[in-house]
S.K.: 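I have a structure I would like to understand better, so I am pasting it below and will then ask my questions one at a time.
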Amino acid sequence: MKKRFLRHFFTSLLYYVIWTALYQVYNRLTGLPVMTGQQMLQHIGPNLLFYIQVFSSLHIDLFFREREQQQRNERELRELAHRAEIESLKAQIQPHFLFNTLNSISASVSAENERTRVLIAQLADTFRYALQSTQAELVLLTQELEFIRTYLSLEQSRFGRRLHFEIDVYGCGQALIPPMLLQPLVENAVKHGIEPAIDGGTIHITCRSTGSFTHLTIRNTGKPYEGTVENMFAGDGIGLNNTAKRLRNQFGENLHIEVDHSGAVTLRFAIPT
């Protein structure tokens with residue numbers, strides 16, 4: 001509001017200067033007498049009043065448009081929250097049975113198969129985080145990234161040397177993010193970039209905190225993407241569209257997608273720190 005008033009203070013003066021200049025030019029061209037300094041001062045009031053009336057009506061219209069958009073965003077957030085609550089209730093059906101079963105399987109694995117024991121423990125951790133995170137509106141970004149690290153480790157056991165990943169974090173310890181926001185993006189990178197490529201590829205996740213915003217980047221190589229960014233959102237998958245919608249409704253931020261000359265895909269977005 002302060003910025004708007006300050007901006008209108010200068011633009012109203014600029015408006016009157018331009019109006020006066022055009023009025024003087026018009027009078028000279030038509031042979032009418034030009035305004036004196038006193039007349040210029042006398043016309044300030046009516047012109048500024050006209051300026052205030054015009055821009056007040058515009059701001060009233062803008063206010064109702066923003067309020068309407070805010071109400072739409074709130075409705076979408078409620079719908080998403082309700083959908084997430086239903087999914088959470090489904091996921092909570094005997095979750096302890098699942099964890100206890102995984103722990104029992106892990107305990108029954110012989111010491112010679114330590115790698116299998118680790119994978120089972122990691123799988124239990126991913127289920128536990130996915131269940132617990134649905135109970136919170138926001139979680140620490142570091143927790144979300146640790147979950148992604150575990151998720152990619154499990155995928156790495158499936159793809160072997162075909163999948164490499166790097167997660168670089170720079171000063172993002174206090175940032176908060178909606179739970180399970182990154183997982184669909186990383187899953188898409190694995191599904192469409194790594195899995196179809198014979199030689200696999202790399203997923204590189206970067207988190208940097210700069211001032212009041214935290215910037216996240218997810219880049220994947222592998223199979224070169226040959227379509228357009230619009231085609232990504234027009235596909236059958238809902239992960240990308242849902243993530244973009246959650247970002248827009250929660251923070252008013254957009255999900256930016258770039259495809260470079262090699263076909264590597266980069267996703268970028270920022271969240272308030």
Side-chain angles (χ1 to χ4, degrees), residues 80 83-84 87 115-116 118-127 129-130 133 141-170 172 175 177-208 214-251 253-271:
L80 289 171
R83 200 175 305 135
E87 295 300 323
R115 178 59 182 165
T116 303
V118 171
L119 290 175
I120 295 174
Q122 289 178 332
L123 182 61
D125 288 341
T126 59
F127 281 132
Y129 176 83
S133 64
L141 179 56
T142 51
Q143 292 178 327
E144 184 83 357
L145 290 173
E146 189 60 34
F147 163 74
I148 294 298
R149 187 185 301 276
T150 304
Y151 170 79
L152 286 174
S153 296
L154 286 169
E155 291 287 41
Q156 198 172 47
S157 67
R158 180 161 68 105
F159 291 102
R161 296 182 178 180
R162 293 175 57 209
L163 171 59
H164 302 275
F165 70 89
E166 301 173 6
I167 300 179
D168 298 324
V169 180
Y170 304 96
C172 303
I177 192 171
M180 303 296 290
L181 185 75
L182 300 180
Q183 193 274 337
L185 303 180
V186 176
E187 183 180 351
N188 277 349
V190 173
K191 181 178 179 180
H192 300 290
I194 308 300
E195 187 172 351
I198 296 176
D199 297 326
T202 300
I203 296 177
H204 190 186
I205 302 174
T206 305
C207 171
R208 285 185 173 83
T214 296
H215 302 268
L216 286 107
T217 303
I218 301 174
R219 184 179 188 273
N220 73 271
T221 60
K223 181 183 178 182
Y225 182 73
E226 299 176 350
T228 64
V229 173
E230 290 74 17
N231 290 340
M232 293 185 186
F233 289 97
D236 297 331
I238 61 174
L240 200 64
N241 286 297
N242 276 356
T243 301
K245 185 180 293 185
R246 291 178 72 188
L247 274 173
R248 189 164 52 250
N249 289 344
Q250 188 85 31
F251 301 114
E253 297 293 330
N254 293 321
L255 177 65
H256 303 280
I257 303 178
E258 302 171 5
V259 181
D260 64 20
H261 64 280
S262 65
V265 178
T266 301
L267 296 90
R268 307 177 192 274
F269 64 89
I271 58 174

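We count residues from 1, following the sequence as given.
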S.K.: Determine the minimum heavy-atom distance between T221 and I194, stating which atoms define it.
M.R.: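 Taking T221 first and I194 second, the nearest heavy atoms are O-CD1, 3.7 Å.
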
S.K.: Do Q183 and T126 make a side-chain contact, defined as non-hydrogen atoms from C-beta onward lying under 4.5 Å apart?
M.R.: no

S.K.: Does the side chain of P179 come within less than 4.5 Å of Q143's, by heavy atoms?
M.R.: no

S.K.: Just verifying a value: how many Å separate H192 NE2 and Y225 OH, rounded to the nearest 0.5 Å?
M.R.: 9.0 Å

S.K.: Drop me the distance from R248's CZ to K245's NZ, to the nearest 0.5 angstrom.
M.R.: 7.5 Å

S.K.: Under the criterion side chain to side chain contact (heavy atoms under 4.5 Å, CB included), I'd like the reasoning laid out for L119 against L123: C-alpha separation, chi angles, the key distance, then a yes or no.
M.R.: CA-CA 6 Å; L119 290 175; L123 182 61; over 6 Å; no

S.K.: Evaluate V259 against M232 for side chain to side chain contact (heavy atoms under 4.5 Å, CB included), listing each step before the verdict.
M.R.: CA-CA 11 Å; V259 181; M232 293 185 186; 3.9 Å; yes

S.K.: Is the side chain of T150 donor-acceptor paired with the backbone N or O of Q122 at a distance under 3.5 Å, no angle test?
M.R.: no

S.K.: List the atom of G193, the atom of N220, and the distance in Å for their closest heavy-atom pair.
M.R.: CA-ND2, 3.6 Å

S.K.: Under 4.5 Å between any side-chain heavy atoms of R219 and D260, yes or no?
M.R.: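 Touching, per the 4.5 Å side-chain cut-off.
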
S.K.: Report the distance from atom OG1 of T243 to atom CG of L267, rounding to the nearest 0.5 Å.
M.R.: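 Reported to 0.5 Å precision, the distance equals 9.0 Å.
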
S.K.: For the atom pair CD1 (I167) and CG (L182), what is the distance rounded to the nearest 0.5 Å?
M.R.: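 Rounded to the nearest 0.5 Å, the CD1-CG separation comes out at 9.0 Å.
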
S.K.: In sequence, state the C-alpha distance, the side-chain angles, and the governing distance for T266 and I257, and then conclude on side chain to side chain contact (heavy atoms under 4.5 Å, CB included).
M.R.: CA-CA 6 Å; T266 301; I257 303 178; over 6 Å; no

S.K.: Check whether any side-chain heavy atom of P184 lies under 4.5 Å from a side-chain heavy atom of N242, and answer yes or no.
M.R.: no

S.K.: Which atom names give the shortest non-hydrogen contact between A189 and I203, and what distance separates them?
M.R.: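 Distance-wise, the nearest heavy atoms are CB-CD1, 3.9 Å.
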
S.K.: Can you name the nearest heavy-atom pair linking R246 to M180, along with the distance?
M.R.: NH1-O, 3.5 Å

S.K.: Which pair of non-hydrogen atoms, one from R268 and one from T217, has the smallest distance, and what is that distance?
M.R.: NH1-OG1, 3.5 Å

S.K.: How long is the gap from CG on L163 to CZ on R161, to the nearest 0.5 Å?
M.R.: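 Spacing of CG (L163) from CZ (R161) equals 13.5 Å.
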
S.K.: Kindly give the heavy-atom pair with the smallest separation between A270 and E253, and that separation in Å.
M.R.: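 Closest pair (atom of A270, atom of E253, distance): O-CG, 3.0 Å.
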
S.K.: Quick one: are I205 and F165 in side-chain contact, heavy atoms under 4.5 Å?
M.R.: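 No, too far: nothing below the 4.5 Å cut-off.
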
S.K.: Measure the spacing between OG1 of T214 and CZ of F269 and express it to the nearest 0.5 Å.
M.R.: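 T214 OG1 to F269 CZ: 10.0 Å, rounded to 0.5 Å.
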
S.K.: Go through the steps to decide whether L255 and L240 satisfy the test side chain to side chain contact (heavy atoms under 4.5 Å, CB included), and finish with yes or no.
M.R.: CA-CA 9 Å; L255 177 65; L240 200 64; 3.9 Å; yes

